[in-house]
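Written out below as structure tokens is the structure these notes cover.
In this text the structure is predicted, and so the values were computed from the model without any measurement.
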There are 2 protein chains.
Amino acid sequence: MSLNDKVSFRDIKVQILARIRDRVWPPGAIMPGEVELSQEFGCARATVNRAMRELAEEGFIDRRRKTGTRVNANPIRQAKFEIPLVRVEIEASGAAYRYALVSCESPPTPDWLRARLGLGPDDKVLHLQCMHYADNAPFQFEDRWINKATVPDIDCSDFETLSPNEWLVNQVPFTEAEISFSATAANESNADLLALPIGEPVFTAERITWLKTRPITFARMFFGRGYRMTTRF
Amino acid sequence: MSLNDKVSFRDIKVQILARIRDRVWPPGAIMPGEVELSQEFGCARATVNRAMRELAEEGFIDRRRKTGTRVNANPIRQAKFEIPLVRVEIEASGAAYRYALVSCESPPTPDWLRARLGLGPDDKVLHLQCMHYADNAPFQFEDRWINKATVPDIDCSDFETLSPNEWLVNQVPFTEAEISFSATAANESNADLLALPIGEPVFTAERITWLKTRPITFARMFFGRGYRMTTRF
DNA sequence: CAGTGGTCTAGACCACACA
DNA sequence: GTGTGGTCTAGACCACTGC
């Protein structure tokens with residue numbers, strides 16, 4: 001016989017989820033406490049605790065001291081997206097990756113960028129544009145500004161063959177990032193490179209990264225026709 | 001004095017992250033084992049374990065039995081997005097929410113939908129279209145198909161005043177979902193409702209949900225001008 | 001104040017993966 | 001085999017919060 005196997009926190013998660021799904025504990029209801037459940041399941045309270053902690057992280061239940069745990073009525077569920085390097089994303093799809101630098105210069109810092117990143121009046125930036133291809137089809141056009149104050153040893157020559165994304169990941173750690181996604185229209189600066197007519201919808205990502213409170217880089221990424229970002233849970 | 005406070009797994013996370021950021025343990029390097037770290041930090045192994053487990057979940061490190069733990073070279077960091085009800089999202093922004101049903105019918109099931117959801121030849125569907133407004137400005141156009149086999153007690157009258165999204169959340173639990181985001185062009189069916197010229201870029205979300213293996217609903221959501229999905233980490 | 005979750009400990013055994 | 005992470009336990013104390 002081997003019913004002696006210990007109860008795993010995974011088993012408990014499954015059980016609890018089933019009861020939530022089957023409305024044994026309907027949305028908004030208070031569930032039994034950890035002690036009670038640990039007795040029912042025949043395990044330590046810590047085990048129940050881990051199960052419920054994870055369910056709370058996943059947004060199924062809401063836990064508060066003293067009040068107890070209740071089933072979440074509005075399942076504000078969350079979608080996770082992995083944000084890999086472009087090169088990795090392309091290679092994972094089985095396509096051949098190719099990188100090309102389009103332009104690189106050190107222009108005067110535009111005011112909008114100064115405002116966006118909170119740059120001081122004397123901070124200098126590097127501006128560069130590059131393309132990522134998948135099997136020679138345009139996959140992504142990257143338009144990036146780098147704060148020279150945060151990344152001093154930087155030069156256009158660094159990016160002849162290596163994408164700035166990859167270079168930065170390897171050279172500069174970051175502590176915070178903000179990403180946003182939107183739909184924009186292809187314009188003069190990116191339509192040609194993406195092989196799209198001007199005005200065509202383009203899936204667009206913007207990303208700012210900081211090291212502590214100092215801005216490192218601002219990047220806009222324009223994806224080729226038909227790009228989708230997908231997740232499942 | 002009170003240096004006697006116990007070491008928290010949070011403290012350990014901070015310490016470890018700092019060492020990773022400062023390249024004390026460079027990307028790809030093997031870190032000390034749990035036992036060693038617990039001695040260094042003066043705490044139980046379980047505490048170090050929890051800290052490192054969370055760091056692994058967050059994608060900073062890679063853990064394997066026997067081999068040990070190494071710092072992730074390619075920070076495949078992940079972005080989390082909350083997917084709340086439209087109504088909640090709008091109200092959270094401080095705007096007034098308004099819902100309007102555009103159309104509702106039970107047409108023959110189109111072949112593309114049959115294929116997309118894996119429906120049988122006799123499965124019937126409900127098709128409905130509705131609008132979500134924020135302060136009377138078009139916020140989202142929702143175009144949804146519901147599988148009547150999975151949601152039997154359903155009728156167009158249910159959606160006169162309550163959005164299908166909200167109705168489904170309250171009536172039908174789901175176990176799995178797939179969401180994807182893309183950029184599309186406004187077309188005859190949604191341009192008017194969103195008050196956009198045809199061809200204008202539209203941020204678009206598609207969502208399929210299942211109860212175990214049975215498809216519940218397929219929805220396309222088209223967002224009004226300038227919509228952005230943002231996250232920070 | 002009292003009840004519930006949050007966390008830490010010390011110890012144990014297990015599972016996996018590499019040598 | 002043997003070392004590392006993975007998990008469970010039993011017990012303890014703490015922290016928040018509603019009464």
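- Nucleotide C:dA19 forms no Watson-Crick or G-U wobble pair with any nucleotide shown, as no partner meets the under 3.5 Å limit on both distances.
- Nearest to the side chain of A:Thr67, among C:dG5, D:dG18, D:dA10, sits D:dG18.
- With DNA chain D read from its 5' end, the first of the two nearest nucleotides for B:Gly33 and A:Phe9 is the one closest to B:Gly33.
- Here the C1' atom of nucleotide D:dC8 and the CD atom of A:Gln39 are 17 Å apart, to the nearest Å.
- One interatomic measurement links the two molecules: CD of A:Glu54 to C1' of D:dT7, which rounds to 12 Å at whole-angstrom precision.
- At C:dC8, one or more side-chain N or O atoms of B:Ser8 fall inside 4.0 Å of OP1 or OP2 (strictly under the cut-off).
- Side chain to side chain, A:Thr175 and B:Arg21 fail the donor-acceptor criterion of an N or O pair below 3.5 Å.
- Rounded to an integer number of Å, the gap from CD of A:Glu34 to P of C:dT7 is 11 Å.
- Under a 4.0 Å N-O distance rule, the pair A:Arg207/A:Glu142 does not qualify as a salt bridge.
- For B:Thr69, a side-chain nitrogen or oxygen approaches OP1 or OP2 of D:dG5 to under 4.0 Å.
- Nucleotides of DNA chain D nearest to A:Arg64 and A:Arg45 differ in position, and the one nearer the 5' end is that of A:Arg45.
- Remark: P of C:dA15 and CG of B:Asn49 are 17 Å apart, rounded to the nearest angstrom.
- Remark: the B:Arg65 side chain and the C:dA15 base include a donor-acceptor N/O pair separated by less than 3.5 Å.
- To the nearest angstrom, P of C:dC16 lies 16 Å from CZ of B:Arg63.
- Across all strands shown, A:Val7 has heavy atoms under 4.0 Å from sugar-phosphate atoms exclusively, and none from any base.
- Scanning atom types as modelled, no donor and acceptor separated by under 3.5 angstrom connect the side chain of B:Arg50 and the base of D:dT7.
- The CE-P distance, from B:Met31 to D:dG5, rounds to 9 Å in whole Å.
- Contact annotation: A:Thr47 does not reach the phosphate of D:dT7 (side-chain N/O to OP1 or OP2, under 4.0 Å).
- Judged purely by distance below 3.5 Å, without hydrogens or angles, the side chains of A:Ser180 and B:Arg228 pair a donor atom with an acceptor atom.
- The backbone N or O of B:Trp145 lies less than 3.5 Å from a partner atom in the side chain of B:Thr217, making a donor-acceptor pair.
- Looking at A:Arg53, its side chain has no donor and acceptor atom pair within 3.5 Å of the base of C:dT7.
- If you find the closest nucleotide of DNA chain C to B:Lys66 and to B:Ala44, the one lying nearer the 5' end belongs to B:Ala44.
- The CD1-P distance, from B:Ile30 to D:dT4, rounds to 10 Å in whole Å.
- In this structure, the CZ atom of A:Arg70 is 14 Å from the C1' atom of D:dT17, given to the nearest Å.
- Shortest non-hydrogen contact noted between B:Val125 and B:Lys148 is O-CE, 3.9 Å.
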